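Quick caveat: nothing in here was measured; it's all calculated off a predicted structure.
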Amino acid sequence: MKRVRKAVFPVAGLGTRFLPATKSIPKEMLTVVDKPVIQYVVDEAREAGIEHFIFVTGRNKAVIEDHFDVQFELYDTLAQRGKGEQLERLQRLQPAPGQTSFTRQQVPLGLGHAVWCARELVGNEPFALLLPDMIMQSEKSCMREMVELYNETGNNIIAVQECDPAEAHKYGIVGKGETVHTGFRIDGMVEKPKPGTAPSNLFINGRYILQPEIFGILANQERGAGDEIQLTDAMLKLEKQQSFYGYHYRGRTFDCGSPEGFVEANVAFALSRADINERMADVIESLLGEMKPGR
């Protein structure tokens, strides 16, 4: 059984829900408190033992590559000004030489196509897939727990969370089978089921560990919903050949692809910071007090 060493981050999306902010700034570089969204996702992968970070990019995304590069002038200035703590933090977040790779999606054909574009960099080994819109908050990272489950099962792993059953038609939903180690066997998947037909209320939350055979399926995958190549469609085909297991994640997940989720993430992470949480709690309480009744 091969170890999970590589992670794919599909960052080619346009971020139209954040216009005009994303007209010149990639949505992945919008900051939650003081770190870009993409940094939170990469940190999660690193905590899980990932060694190679693969970014599937598009036009106007070069700043993401710059963010993970060494900035000599900045480092030198911080050192000269005695800002050792800030310098150490930046260096701690810096991937080692050769740990990052970038490839272009070029055409917006969906998540499945973005994953397929990483095939040459992943090669014939299992890989983690982390959707950069979704950032997690928990004591132990979601991907770390998934890697531990993978080490027990050696198969495909999907992270899921509970949703309101009435909202299940908005998500990709999995069926829950027998318990296996810290997870469970997935006995079915459906993308946005019709109301009242979902096999459970466990939705796929944007974290995967997949076997390389998915690339062969994606190479010939016909377009699905939205006239795009859907990853779920390919996973349904792979499920006929290999087992899929679910990891029930019970931390917080923030959809930073939406303005509401992005603001929620900023509030949650600010309140979790010992250096600013008291001030932020006072500000939030004050703002809520100023709201007009019924608003």
Can a donor-acceptor pair be found between the side chains of [X] and [Y] at a distance below 3.5 Å?
X      : Y      : answer
His67  : Gln39  : yes
Ser258 : Arg17  : no
Gln211 : Asn156 : no

Can you tell me how far the [atom1] atom of [X] sits from the [atom2] atom of [Y], to the nearest 0.5 Å?
X      : Y      : atom1 : atom2 : result
Met143 : Tyr208 : CE    : OH    : 10.5 Å
Leu109 : Cys117 : CG    : SG    : 8.0 Å
Glu139 : Arg250 : CD    : CZ    : 15.0 Å

What pair of heavy atoms forms the shortest contact from [X] to [Y], and how long is it?
X      : Y      : value
Pro199 : Val190 : CD-CG1, 3.7 Å
Thr22  : Gly15  : OG1-O, 2.7 Å
Val8   : Ala118 : CG2-CB, 3.9 Å

Before accepting this row, confirm whether a basic side-chain N of the pair [X]/[Y] lies closer than 4.0 Å to the acidic partner's carboxylate O.
X      : Y      : result
Arg89  : Asp34  : yes
Arg207 : Glu44  : yes
Arg3   : Glu51  : yes
Asp282 : Arg279 : no
Glu148 : Lys140 : yes

For Lys2 and Glu125, run salt bridge (Lys or Arg N to Asp or Glu O under 4.0 Å): C-alpha distance rounded to whole Å, both residues' side-chain angles, the deciding distance at 0.1 Å, then the answer.
-> CA-CA 7 Å; Lys2 294 182 179 179; Glu125 57 184 287; over 6 Å; no

Fellow cluster residues of Val283, listed by chain then number, with links counted only when side-chain atoms sit under 4.5 Å apart | Leu287

With Asp164, which residues qualify under side chain to side chain contact (heavy atoms under 4.5 Å, CB included), at least two apart?
-> Ala166, Glu167

Would you check, one step at a time, whether the test ring-ring contact (aromatic ring centres under 6.0 Å, His included) holds for Phe68 with Phe53?
-> CA-CA 10 Å; Phe68 290 103; Phe53 310 97; 7.7 Å; no

Side-chain touch Leu202/Ile173, heavy atoms, less than 4.5 angstrom | no

Within 45° cone and under 6.0 Å: Lys176 NZ/CZ vs Phe184 ring = yes

Cation over ring face, Lys192 and Tyr171, 6.0 Å, 45° = no

Got more than 12 heavy atoms from elsewhere within 6.0 Å of CD, Gln241?
-> yes

Check whether Leu14 and Leu30 end up in the same hydrophobic cluster, where Ile, Leu, Val, Met, Phe, Trp and Tyr are linked by side-chain heavy atoms less than 4.5 Å apart.
-> no

